[in-house]
Amino acid sequence: MTYISDNFDVAVIGAGHAGIEAGLASARLGCKTSVFTINMDAVGNCPCNPSIGGTAKGHLVREIDALGGEMGKTADECLLQMRMLNRGKGPAVQSLRAQIDRRRYADVMKHKLELQENLHLRQAEIVSLDHEPDGLWKLTTRNGATHICKAVIIASGTYLNGKVFIGDTSYNSGPDGIFPADFLSDSLIKIGLRLRRFKTGTPARVLRSSIDFSELESQPGDENIMHFSFENTEYCENKVDCHISWTNDNTKEVILKNIHRSPLYSGMIEGVGPRYCPSIEDKIVRFADKPRHQLFIEPCGEDTEEMYLQGMSSSLPEDVQIEFYHTIKGLEKVQIMRSAYAIEYDCVDPVQMNNTLEFIDFPGLYGAGQFNGSSGYEEAAAQGLIAGINAALKIQGKAPLILDRASSYIGTLIDDLVTKGCSDPYRMMTSRSEYRLILRQDNADERLTPIGHDLGLISDERFERFNEKCRLKAQELKRVKDTVISPTKEVNDILVSRETSEITTGIRLIELLKRPQLSYDALESVDVTRPELSRTIFEQVETEVKYEGYINKQRIQIDQMRRLEQKLLPADIDYATITGLRLEAVEKLNNVKPVNLGQASRISGVSPADISVLIIWLSVKKD
C-alpha cells in the first residue's frame, strides 16, 4: 500500500556530495526541497579518500565556493592538513588539497542540511520514479510514501544496484557496507534512460598503532595555509602529517601470483573502472616495467585510529591483501580494519542531458555526480550545485545558469560530460581545459562570485568584500605600472644575485616583475611604495604580470569560441537531412543534439569539415 505524503518543488535523491550541494542551492533559492538518503548516517560520507581537492579538483572546490556552495567552507572547518600541489610548477596547475576529518565533515554537512530553511532531510529509499501526464514527477519510497515534485535531481552516487567485490566474494551493497538502491534502476530504464555499468574501488583502512612510522617518509602540510573558501580569513593550522611508502618486487610478486583471484581479471566485474585511478593490481599489470609504486598513508580523523592507504585500492581477496601489504616498508605488521574492495554500480550516459544537467527528453529531471558517470567528490559537488540551481531557476520561470568552458572548470566538466560523454569514470584534470591559465584557482571568485551574487547565493556583505578586494588589486596593478625603480647599487645587487641583467636607467616595476628570476619578495627592500595588502593580491598581480602575453592569447581563443557558441542550432533538427555531413557526424549530432556550433565542434567524431557544412547550412537557412 502507498500513501500520499508531502509534495515538493525539488526532490534530491541522494545525500552525498552532489545531493548536498543540490539540496542547499535549491532551498537557498527559495524552493521547497527534500533530500532523500538511504541512510541518515551516510550524509556527506567520504567512502574513499579522507580528503578534498587535488590537482584540478581544488579548482572545482574554489569555484563551488565562489558561486555560494558549501564544500570549501566545510573542508576548511574539518581541516587536518592543507597542501598546495604543484607549487614548483606554473600557476595554472597549482591546486589545493586538504586532508580532512571524514566523520566530522559528514556531521557538519548533515547539520547544515538540517538547519537549512526550505529543506527537509529524510531517510528513505526511492524505489520508483514516474513522469506524470501533467509533467510533474512522482517519487515512491520503499515504505510506500509517494511525493509529487516539480523537479527531481538524481544524485545516487555508487548506490544504484551497487555490488561489492573482494576476491571471489561479492554481494549487493553500497559503499562502506550501507544498503544499495536495488529498485530505482528498473524504474529509470522503464521511463527511457540509458544506463551503463561503472566500477570504482577503495583501499583498505588500517590501524595506526600497527604501522612503523620510523620506516616512512613524512609529508607535512604547508607553512602558510591557503583556504578553500574565499570567505575564510581565520588562521588554520595543520594538525597531522601524512606519510609515504613504496611497493617493491615482493609486493609485485604476491599480486602477480594471485592475479587470477582478482575479480577484475577473472571476469566477475563487468563495470568499467576509472582510467586515472587504477587498482594496485591494475597498476602492476599495466606498468609491468615500473619497479615500484607510491602509496600515501593518511589519517581519517582526529578521533579515530583508522589510516587510509591512498594509491592501494584493490579487489583482491583479504588474505592476498594482508600478504602484499606486509611486503611494504612500514606496513610489515599492519592490521586491516576495513578491507579494500571494488564496487560496481549503475550510472547514466550523460549525453542524454543538456548543459543545465537536465535530461533533454525528460523536462524537470536532472542528474548529478557519479550518476552522470563522473568520479570524485569535487566533480560530484560541482554538478550538484549546478543541477540544484537550474532546477530552482526552471521552477521559478527564470533563465538557466549555463557555465561555458571559458568561465570555469565546472563549465568544462559539464560540457565534457554532456557533449563527449565518458567511456569510464570521468575525472577532472587541468589538461582538460584549453583555458587553464585563465581558469586558475586564485581567481575563481573574480570569475564566478558576481554570478553567485546575481543568483542570490552570495550575500551582499560578502559581495562588498569581494568588490573591495578587486578594487585593491586594480589599484596595485596600476601602481606597478606607474612605479619607476632607479638603477641603484642595491637594486643591481639584487638583480645580479638573481642572475638577471642589471639596469642602467630607471625601469618600471612591472618590467622587473615580468622577469622570471624576480618576484615581489625579491624586490621587497627596494619597492618602497608597496602598500600593506594580502599575500593573495600580490600573488595574483604577479601571475597576471608574468603571464600577460599568454593570458591575452587565451582571451583571443575564448572570443573565437564564444562566436561559435552564439551560432545556435535548432533543437528539432534532423542532421540526416543536411547534405555534406559524414555519416558518423550525423549519428553523433543526432545523439547529442548540440545547442550551438561551439558545442557541435567539441563532439568526438564531428570534424572541422562537418562544422563548415553546418555554418553554410545555417547561413542558407537564415537567408
Side-chain angles (χ1 to χ4, degrees), residues 47-50 102 158 162-180 199-216 243-274 277-288 290-300 304-345:
C48 201
N49 293 24
R102 67 185 288 266
T158 60
K163 191 173 186 179
V164 160
F165 294 86
I166 303 174
D168 55 7
T169 300
S170 64
Y171 49 90
N172 292 349
S173 177
D176 277 344
I178 297 171
F179 290 130
K199 181 223 60 146
T200 189
T202 191
R205 265 60 66 91
V206 301
L207 183 64
R208 185 196 307 265
S209 61
S210 66
I211 299 170
D212 184 357
F213 288 97
S214 68
E215 294 292 325
L216 303 178
H243 294 82
I244 298 172
S245 191
W246 299 84
T247 65
N248 51 54
D249 287 339
N250 292 333
T251 318
K252 184 175 182 178
E253 181 183 351
V254 171
I255 290 173
L256 288 178
K257 77 178 181 182
N258 289 285
I259 198 70
H260 63 285
R261 299 180 65 191
S262 166
L264 193 64
Y265 289 91
S266 67
M268 287 178 65
I269 291 180
E270 301 172 2
V272 181
C277 189
S279 64
I280 185 60
E281 57 263 35
D282 212 13
K283 290 179 189 176
I284 294 293
V285 171
R286 284 166 55 186
F287 308 107
K290 196 168 183 178
R292 61 180 191 166
H293 297 274
Q294 194 175 45
L295 66 143
F296 299 88
I297 301 166
E298 304 167 340
C300 290
T304 177
E305 297 304 302
E306 284 189 87
M307 303 291 286
Y308 180 84
L309 302 182
Q310 164 70 7
M312 295 291 283
S313 65
S314 177
S315 59
L316 284 162
E318 277 188 1
D319 60 303
V320 180
Q321 291 184 36
I322 294 168
E323 187 178 357
F324 75 68
Y325 285 138
H326 284 178
T327 66
I328 296 169
K329 199 172 185 179
L331 304 183
E332 292 89 348
K333 297 180 180 179
V334 77
Q335 295 178 25
I336 293 178
M337 297 179 72
R338 307 192 203 200
S339 296
Y341 63 87
I343 184 169
E344 240 183 21
Y345 56 96

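These values consider heavy atoms only, across backbone and side chains, with no hydrogens, waters or symmetry-generated copies.
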Distance check, rounded to the nearest 0.5 Å: [X] atom [atom1] versus [Y] atom [atom2]?
X	Y	atom1	atom2	result
Ile336	Leu309	CD1	CG	8.0 Å
Ile280	Tyr325	CD1	OH	9.0 Å
Ile244	Gln294	CD1	CD	5.0 Å
Thr202	Arg338	OG1	CZ	9.5 Å
Met312	Leu331	CE	CG	7.5 Å
Thr200	Ile343	OG1	CD1	8.5 Å

Sidechain-backbone polar pair: [X] side chain, [Y] backbone, donor-acceptor under 3.5 Å:
X	Y	value
His326	Val334	yes
Arg208	Thr304	yes
Glu281	Ser314	no
Thr247	His293	yes
Lys283	Lys290	no

Checklist entry - Just wondering, are more than 12 heavy atoms of other shown residues or ligands nearer than 6.0 Å to CD in Glu318? => result no
Checklist entry - Can you tell which of Asp319, Ile255, Asp168 makes a side chain to side chain contact (heavy atoms under 4.5 Å, CB included) with Arg261? => result Asp319
So [Y] and [X], do their side chains get closer than 4.5 Å, heavy atoms only?
X	Y	value
Asn248	Lys329	no
Pro291	Lys252	no
Asp282	Tyr265	yes
Phe296	Leu216	no

Checklist entry - For Gln335 and Ser209, what are the C-alpha separation, side-chain angles and deciding distance, and is it a side chain to side chain donor-acceptor pair (under 3.5 Å)? => result CA-CA 9 Å; Gln335 295 178 25; Ser209 61; over 6 Å; no
